[in-house]
Amino acid sequence: MAINRKIQTLDEFTIQQLRDFPKATGELSSLLRDMGLAAKRVHVEVNKAGLVDILGDAGTTNVQGEEVKKLDVYANNQFMGVLRHGISCAGIGSEELDDVVVFDDEISNQSKYVCLFDPLDGSSNIDVNVSIGTIFSVYRRVSELGKPATREDFLQPGTKQVAAGYMIYGSSTMMVYATRRGVNGFTLDQSIGEFTLSHPDIKCPDKGKIYSVNHGNFFQYDEPVRKYINVCQTKDKTNGGPYTQRYIGSMVADVHRNLIKGGIFMYPGTTDKPKGKLRLMYECNPFAYIAEIAGGKATNGKQRILDIQPTDVHQRTPMFIGSKLMMEELETFLNA
Ligand code: AHG
Ligand code: MN
Ligand code: MN
């Protein structure tokens, strides 16, 4: 049988990228492979979510008598588990955990990277069969190799990311990741159980027609944001308007769509929550990095997301992200 040379797996791709860097140790490829493995396990569970009544609800026991974990706890354990047992990661921070976890064993203390992730994003959509995802971010440690990772390793601004990515468990399962060399997307080929390169060198169109925001909060947004939303709705045809509103409520799915099609996604601060809802380290920084590498922009309304110096791994920030020209248009309102 002829081999289809067009197919390139995630592993093949990351290893090929290494060849251009003779000094590279392969730790990042290994970390990405670990993340891919955990994603495949989560994919299997996500696909069973509709069978929860048969297999057992969270906190109960299933037909095999095993305790069923909530899917976000399950996902957290999978990602933390592969990274703990891998060779590349000295510790993790997760939206699901109160504090960072420093692995502190002989191999992990020698590892170059730390990883922060939102193991399951859009978890309120699980029960209704709507796309959900995982978001992750990789930083090179600033602490001394050979010793356990420290707080400073985790509290680095987004500009220091060496890689960031996401998985989307949707009509197909995908893994998309960015390094400074580009953004590439891999679709899970279930027949062989491998992520295969399907979206090479993703670029975000400079403009699009989609805006994504929770309209239910409209009257809680600041005036500049409300004005911009009005512009999205009232733009005339000659200016490419009016824009189309699309909001899934899973950031991964909303931002993924806008990245491919062109568009803008916003989670502004509200009167109740001036810092909004999204977390800088698990959701905003990774997506801001991916968007910028793909040619887009991301801001909190005052400054570039990637420049924010974090003080707490769980901190929240308003978030505006998307196509370059649409972001520049938004900024004329935010800076007015
Ligand atoms: P998570 O499931 O990790 O808590 O994140 C959900 C987030 C994000 O994915 C989405 O964009 C946002 O919550 C939606 O929030 P609203 O329902 O307030 O619009
Ligand atoms: Mn989330
Ligand atoms: Mn989550």
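Side-chain contact between Asp104 and Ser108 is absent, with no heavy atoms from C-beta onward closer than 4.5 Å.
For Lys160, there are no salt bridge (Lys or Arg N to Asp or Glu O under 4.0 Å) partners, not counting sequence neighbours. Qualifying side chain to side chain contact (heavy atoms under 4.5 Å, CB included) partners for Asn230, counting only residues two or more places apart in sequence or in other chains: Phe218, Gln233. Legend: residues meeting side-chain hydrogen bond (donor to acceptor under 3.5 Å, both in side chains) with Glu223, ordered by chain and number and at least two apart, are absent. With sequence neighbours left out, the side chain to side chain contact (heavy atoms under 4.5 Å, CB included) criterion links Lys275 to Arg316. A search for side chain to side chain contact (heavy atoms under 4.5 Å, CB included) contacts involving Arg140 returns Lys112, Tyr113, Val162, not counting sequence neighbours. In this structure, Tyr289 has no ring-ring contact (aromatic ring centres under 6.0 Å, His included) partners at least two apart in sequence or on a different chain. Ala39 meets the side chain to side chain contact (heavy atoms under 4.5 Å, CB included) test with Phe79, Met167, Tyr169, Phe195; sequence neighbours excluded.
For the 3.5 Å distance criterion, the side chains of Gln78 and Glu45 fail to qualify, holding no donor opposite an acceptor. For the residue pair Ser191 and Asp189, a side-chain donor N or O sits within less than 3.5 Å of a side-chain acceptor on the partner. Side-chain contact of Asp118 with Thr134: a donor-acceptor pair under 3.5 Å is absent, judged by distance alone.
Residue pairs meeting the ring-ring contact (aromatic ring centres under 6.0 Å, His included) criterion with at least one member in residues 311-331, sequence neighbours excluded: Tyr282-His314. Evaluation of the salt bridge (Lys or Arg N to Asp or Glu O under 4.0 Å) test over residues 228-239, restricted to residues two or more places apart or in two chains, returns Lys235-Glu329. Within the structure, the salt bridge (Lys or Arg N to Asp or Glu O under 4.0 Å) test picks out the following pairs touching residues 192-203 (sequence neighbours left out): Asp201-Lys203.
The other members of the hydrophobic cluster of Val130, by chain and number, are Val128, Ile248 (side-chain heavy atoms under 4.5 Å, ILVMFWY only).
Salt-bridge formation is not detected for the pair Arg141/Glu152: no Lys NZ or Arg NE/NH1/NH2 atom is positioned less than 4.0 Å from an Asp or Glu carboxylate oxygen. Note on Asp312 versus Arg279: no salt bridge recorded, every NZ/NE/NH1/NH2 to OD/OE distance being 4.0 Å or above.
The structure places CE of Met174 at 9.5 Å from OG1 of Thr196, a figure rounded to the nearest 0.5 Å.
The hydrophobic clustering, which links ILVMFWY residues whose side-chain heavy atoms are closer than 4.5 Å, places Leu28 and Ile107 apart.
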Can you list, pair by pair, the side-chain donor-acceptor contacts under 3.5 Å of residues 321-328, counting residues two or more places apart and other chains?
from	atom 1	to	atom 2	distance (Å)
Ser323	OG	Pro205	O	2.8
Ser323	OG	Gly263	N	3.0

